[in-house]
K.L.:
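Starting off with a structure, shown below.
Keep in mind the model is a prediction, meaning the values are calculated, not measured. Numbered from 1 within each chain, the chains take letters A, B, ... in sequence-line order. What's counted below: heavy atoms across the whole structure, side chains too, no hydrogens, waters or symmetry copies.
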Number of protein chains: 2
Amino acid sequence: MRVLLVEDDMVLGSAVRDQIAADGHSVDWVQRLDAAGDYLRAAPYDLVLLDLMLPDGLGLNFLRKLRASGDVTPVIILTALDQISDRIEGLNAGADDYLVKPFDLQELTARLKAVARRYSGNPNPLVKIGELEIDIAARTIMRSGKTVTLTAREWALFEAFLQHPGNLLSKSQLEETLYTFDAEIESNTIEVHISRMRKKLGAGVIETVRGMGYRLEQS
Amino acid sequence: MRVLLVEDDMVLGSAVRDQIAADGHSVDWVQRLDAAGDYLRAAPYDLVLLDLMLPDGLGLNFLRKLRASGDVTPVIILTALDQISDRIEGLNAGADDYLVKPFDLQELTARLKAVARRYSGNPNPLVKIGELEIDIAARTIMRSGKTVTLTAREWALFEAFLQHPGNLLSKSQLEETLYTFDAEIESNTIEVHISRMRKKLGAGVIETVRGMGYRLEQS
DNA sequence: CTTTTTGCGTCAGCTTCCTGTAAGGTTTCG
DNA sequence: CGAAACCTTACAGGAAGCTGACGCAAAAAG
């Protein structure tokens with residue numbers, strides 16, 4: 001993986017560069033933002049590590065311009081700012097992840113791996129059920145090549161099935177995964193969710209056992 | 001997934017609660033440690049998010065006591081401390097993971113998933129009877145590799161046999177497992193159910209003892 | 001801020017198939 | 001042989017489940 005490191009602190013920069021190199025990636029290290037722009041224009045990178053440097057918004061502006069220009073290279077921002085609002089601002093500006101200084105280098109390694117997995121090659125382990133390919137970590141389901149999007153509640157239910165493969169789950173069990181106190185729901189909420197999921201996942205994935213509950217098809 | 005959030009900061013707490021809810025989980029949010037103890041005693045949770053709040057060690061003590069009491073619920077600690085040694089102390093106290101404030105909500109989501117996944121996937125014990133493999137928790141019966149599906153009533157009867165291995169069960173006893181009230185059934189309902197079960201489970205599994213009742217084949 | 005979209009709980013009408021009953025066949029045993 | 005006990009099949013009724021529609025509220029878009 002090719003990494004561009006934008007960091008003005010010489011000590012931190014060299015430490016990060018060495019760590020990334022030790023992880024087996026190639027690193028270009030620049031100290032200034034305008035130089036970073038040149039590097040990005042010259043060659044493609046798989047990841048940019050961007051130190052926001054000073055809280056004057058220059059780093060964020062750089063990131064916004066980069067995104068506005070259509071560049072989708074994953075960016076992890078490094079920041080000493082400890083306000084959540086700044087972090088969110090960074091993510092809104094188009095960052096993919098962040099690291100708060102001081103961070104330890106193992107954490108950096110972990111983030112690198114995560115981003116690398118997310119954006120390149122074949123990533124997380126897949127669970128296959130019939131014609132479905134499920135990436136639990138990414139919350140992604142592919143159904144014969146097409147992406148299936150589940151809502152939050154639907155995912156919660158689907159996850160409950162995945163965690164108990166082949167098990168029969170009663171409606172009350174499923175309700176408990178959605179609601180804190182078993183509110184003795186006098187309606188068919190679960191049935192409706194199951195119905196909506198079946199429409200997305202296809203028939204035959206979730207089996208009904210009359211009077212007892214539901215079960216996920218195995219393998 | 002059922003999550004207990006222990007957080008005294010109202011702003012951060014509500015943000016975290018909303019994020020967890022958006023991920024499709026149910027959340028109970030308490031502001032004080034002793035309340036957290038009550039909640040944990042009252043109901044099982046799949047995960048505890050514990051803010052250490054102040055660096056006076058109270059949160060860590062709470063965690064240590066929890067572990068000492070035999071509770072193994074996964075715990076992620078939230079901490080403002082940015083010293084690696086403090087994180088290690090938290091992990092030693094029995095935490096499963098940690099998040100350093102301020103943290104990104106997506107990060108929280110990722111950790112939730114990771115912890116939830118780490119603690120799932122425990123296979124159920126199997127009971128073997130002849131060529132049948134029975135998973136009582138999953139309410140699943142495998143007959144020479146193929147899944148056998150029993151209806152609600154059939155499973156209720158089968159469970160009665162399983163709970164009294166080798167015992168002879170009279171028809172009236174079996175009727176009582178189906179009808180809580182003494183429903184004085186004037187027909188051959190049990191016989192019919194037994195017949196239908198034998199068709200699914202195979203001959204020789206349920207033995208008839210003329211004039212007395214039925215018995216499940218041993219071993 | 002207003003408008004539009006989306007998620008989700010509820011309801012009502014429809015469909016499915018479980019289940020109790022009965023009727024006739026088969027086995028067991030005096 | 002005959003009666004009692006049990007087995008098996010068929011069937012109707014109704015409970016359990018399915019799904020399109022609606023409304024509200026929250027989020028996203030403008």
K.L.:
Figure out the CD/P separation between A:E207 and C:dC18, and round it to whole Å.
P.N.:
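So the two atoms are 11 Å apart, to the nearest Å.
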K.L.:
A:I206 has an atom CD1; how far is it from atom C1' of D:dG17, in whole Å?
P.N.:
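Checked: the CD1 to C1' distance equals 14 Å.
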K.L.:
Determine whether a donor-acceptor pair (N or O, by modelled atom type, separation under 3.5 Å) exists between the side chain of B:D9 and the backbone of B:L12.
P.N.:
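Present.
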K.L.:
Return no unless some side-chain N or O of B:K199 is found under 4.0 Å from OP1 or OP2 of D:dC7.
P.N.:
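So the side chain of B:K199 is outside the cut-off, no N or O lying under 4.0 Å from OP1 or OP2 of D:dC7.
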K.L.:
For D:dA5, take OP1 and OP2 only and decide whether either is under 4.0 Å from a side-chain N or O of B:K171.
P.N.:
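No.
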K.L.:
When you compare the side chain of A:R215 with that of A:L169, does any pair of heavy atoms fall below 4.5 Å?
P.N.:
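Of all side-chain heavy-atom pairs linking A:R215 with A:L169, none is under 4.5 Å.
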K.L.:
Would one find a side-chain N or O of B:T208 under 4.0 angstrom from OP1 or OP2 of D:dC7?
P.N.:
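Checking D:dC7 against B:T208, a side-chain N or O does come within under 4.0 Å of OP1 or OP2.
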K.L.:
Nearest whole angstrom, please: distance from the P of C:dG7 to the CZ of A:R196.
P.N.:
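Rounded to the whole Å, the gap is 10 Å.
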K.L.:
In whole Å, what is the span from the CD atom of B:E191 to the C1' atom of C:dT26?
P.N.:
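Distance check: B:E191 CD to C:dT26 C1' gives 12 Å.
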K.L.:
How long is the line joining CD1 of B:I194 and P of C:dT19, in whole Å?
P.N.:
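Taking CD1 of B:I194 and P of C:dT19, I get 14 Å after rounding.
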K.L.:
Just how far, in rounded Å, is C1' of C:dC17 from CD of B:E154?
P.N.:
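Interatomic distance, CD of B:E154 to C1' of C:dC17: 12 Å.
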K.L.:
Evaluate the side-chain hydrogen bond (donor to acceptor under 3.5 Å, both in side chains) criterion for residues B:R153 and B:T189: first the C-alpha distance (whole Å), next the side-chain angles of each, then the deciding distance (0.1 Å), finally the verdict.
P.N.:
CA-CA 11 Å; B:R153 293 242 127 97; B:T189 307; over 6 Å; no
K.L.:
Using only side-chain N and O atoms of B:Y179, determine if any of them is under 4.0 Å from OP1 or OP2 of C:dG20.
P.N.:
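For B:Y179, the contact criterion (side-chain N or O under 4.0 Å from OP1 or OP2 of C:dG20) is met.
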K.L.:
Under 4.0 Å between a side-chain N or O of B:R153 and OP1 or OP2 of C:dG20?
P.N.:
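So the side-chain polar atoms of B:R153 do come within 4.0 Å of the phosphate oxygens OP1 or OP2 of C:dG20, strictly under.
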K.L.:
For B:S14 and B:M10, indicate whether the former's side chain and the latter's backbone hold a donor-acceptor pair under 3.5 Å.
P.N.:
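It does hold such a pair.
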K.L.:
It should be established whether A:Y214 places a side-chain nitrogen or oxygen under 4.0 Å from OP1 or OP2 of nucleotide D:dA16.
P.N.:
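No, no such contact exists.
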K.L.:
Given C:dC8, is OP1 or OP2 found less than 4.0 Å from the side-chain N or O atoms of A:T151?
P.N.:
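Answer is yes, contact under 4.0 Å.
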K.L.:
Between C:dT16, D:dC7, C:dT10, which one does the side chain of A:S187 approach most closely?
P.N.:
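Per side-chain heavy atoms of A:S187, the pick is C:dT10.
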K.L.:
Which whole-number value in Å describes the distance from A:R210 CZ to D:dC18 C1'?
P.N.:
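Value for this atom pair: 10 Å.
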K.L.:
Round to the nearest Å and state the distance from A:N188 atom CG to C:dG13 atom P.
P.N.:
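Distance check: A:N188 CG to C:dG13 P gives 14 Å.
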K.L.:
Are the side chain of A:D51 and the backbone N or O of A:V6 linked by a donor-acceptor pair below 3.5 Å?
P.N.:
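No, the answer is negative, given that no donor and acceptor are paired below the 3.5 Å cut-off.
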K.L.:
Counting only side-chain heavy atoms from C-beta out, which of D:dT8, C:dC17, C:dC8 sits nearest to A:H193?
P.N.:
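Within the option list, the nearest is C:dC8.
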K.L.:
I want to check one thing: is the phosphate of D:dC6, taken as OP1 and OP2, less than 4.0 Å away from some side-chain N or O of B:S195?
P.N.:
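No, because none of the side-chain N or O atoms of B:S195 sits under 4.0 Å from OP1 or OP2 of D:dC6.
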